[in-house]
Structures are given as structure tokens and as C-alpha cells.
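What follows is a single structure, written as C-alpha cells, with notes after it.
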Amino acid sequence: MKEQSIIKAWDKLNEINNKIELKTTLLATKTGIKSNRLKEIMVQCSFGNNDAFINSIIARNELGKELRKLYISKNAYETYIYKEIERTKLSTPALCIAFLKEYKKLTWRKVAKEMKYSVAQCRRYYDEYLGKTPKDNTWIKE
């Protein structure tokens with residue numbers, strides 16, 4: 001059951017990221033603001049510290065408001081997943097490692113440090129997650 005909640009949250013996080021990408025592109029096209037500048041502002045979720053012109057466009061534009069809500073949701077889901085990873089590291093290490101490797105794009109060394117395992121252990125758990133090695137090691141030939 002624990003795995004399902006992390007997987008559902010991860011799927012929702014990926015869905016939110018896709019929506020962010022779409023709405024950022026639409027807003028950038030509509031307003032003529034460069035997409036990377038717009039992302040920089042939206043990631044901060046702050047309307048006080050940035051360019052006043054861009055802030056006014058985002059504040060008055062419905063897409064900008066939706067983007068701001070999506071970034072807040074993204075931050076909330078990431079926080080939830082990190083807390084679940086901390087809580088379930090020992091019971092579901094393969095899933096935790098897969099999230100750190102695939103979503104956060106961490107190096108093997110950083111994944112190992114986060115999980116407090118060796119790099120080789122992390123790779124084995126990741127292979128298990130991908131279905132490459134069964135837990136009972138029946139793939140080993142005598």
C-alpha cells in the first residue's frame with residue numbers, strides 16, 4: 001500500500017510537470033516573454049522580486065495564475081514524496097532509488113549518499129525496480 005501512494009504521487013507530479021511545460025509555452029508565446037525567463041520567475045512563485053513588467057503580465061493573465069498554482073502543487077508533491085521516501089527507505093528502497101534516479105536525475109553517488117547505501121547496492125535495487133533481476137536470484141546459473 002505504501003508503494004502505491006508514492007507511485008500515485010509520482011504520476012501526479014509528472015502530470016503537473018507536463019501541464020507546467022504546456023502552459024509555460026503557451027504563456028511565453030502569447031506574451032512574447034522568453035520561456036526560460038518565465039520559468040525562472042514561476043519557479044520562485046514570487047511576484048515581488050522580479051521584473052515589474054513580467055509580473056504584471058503574469059498577474060493579469062489567467063495562464064500565469066494557473067502556472068503559479070501548478071508550481072505550488074509541484075512543490076507540495078515533491079515535499080510529500082521526499083517525506084515518504086524518508087519514511088519508507090527501508091521497506092521500499094527500489095522505488096525510492098528509482099524516484100531519485102529517474103525524476104531528480106541524481107548521479108549514482110548522490111543516490112547512494114541519500115539512501116545511505118553503496119553505489120552497487122543502489123544499482124541492484126534499481127535493476128530490481130526495472131525488473132531485470134528477480135529477488136530470489138533464479139537468474140544465476142549453476
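Residues take their numbers from the sequence shown, with the count starting at 1. Note that these values count all heavy atoms, side chains included, but never hydrogens, waters or copies made by symmetry.
- Of the inter-residue distances, the one linking K104 atom NZ with I85 atom CD1 reads 10.0 Å to the nearest 0.5 angstrom.
- Distance check: L70 CG to K65 NZ gives 14.5 Å after rounding to the nearest 0.5 Å.
- For the pair E114 and K110, the salt-bridge criterion is not met [side-chain N within less than 4.0 Å of a carboxylate O].
- Within the 4.5 Å cutoff, no side-chain heavy atoms of Y125 are placed close to those of M115.
- At least one donor-acceptor pair closer than 3.5 Å links the side chain of Q121 to the backbone N or O of S118.
- T92 contributes atom OG1, which lies 4.5 Å from atom CD1 of I6 (distance to the nearest 0.5 angstrom).
- For Y126 and W108, the ring centers sit closer than 6.0 Å to each other.
- Between Y82 and F99, the ring planes are perpendicular. Angles over 60° get that label, and only those under 30° would be called parallel.
- A donor and an acceptor atom, one from each side chain of D11 and Y77, are nowhere located under 3.5 Å apart.
- Put simply, the side chain of Y103 reaches to within 4.5 Å of the side chain of N17, judged on heavy atoms.
- Residues I16 and S73 share a closest heavy-atom pair of CD1-CB, 3.8 Å.
- Between K101 and L106, the closest side-chain pair of non-hydrogen atoms is not below 4.5 Å.
- Remark: E86 does not engage K83 in a salt bridge, criterion side-chain N to carboxylate O under 4.0 Å.
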### Message
Apply side-chain contact (heavy atoms from CB on, under 4.5 Å) to residues Y117 and R124 and explain how you reach the verdict.
### Response
CA-CA 11 Å; Y117 291 143; R124 281 193 296 276; over 6 Å; no

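- Considering all non-hydrogen atoms of both residues, L67 and I20 come closest at CD2-O, 3.7 Å.
- The shortest heavy-atom contact between T29 and T25 is OG1-O, 2.7 Å.
- Atom NZ of K113 and atom OG1 of T107 lie 10.0 Å apart (nearest 0.5 Å).
- The side-chain heavy atoms of K12 and Y80, taken from C-beta on, include no pair separated by under 4.5 Å.
- Taking CG of L22 as the start and CG of L27 as the end, the distance is 11.0 Å to the nearest 0.5 Å.
- By the 4.0 Å N-to-carboxylate-O rule, R87 lies close enough to E84 to be salt-bridged with it.
- Atom SG of C122 and atom CG of D127 lie 11.5 Å apart (nearest 0.5 Å).
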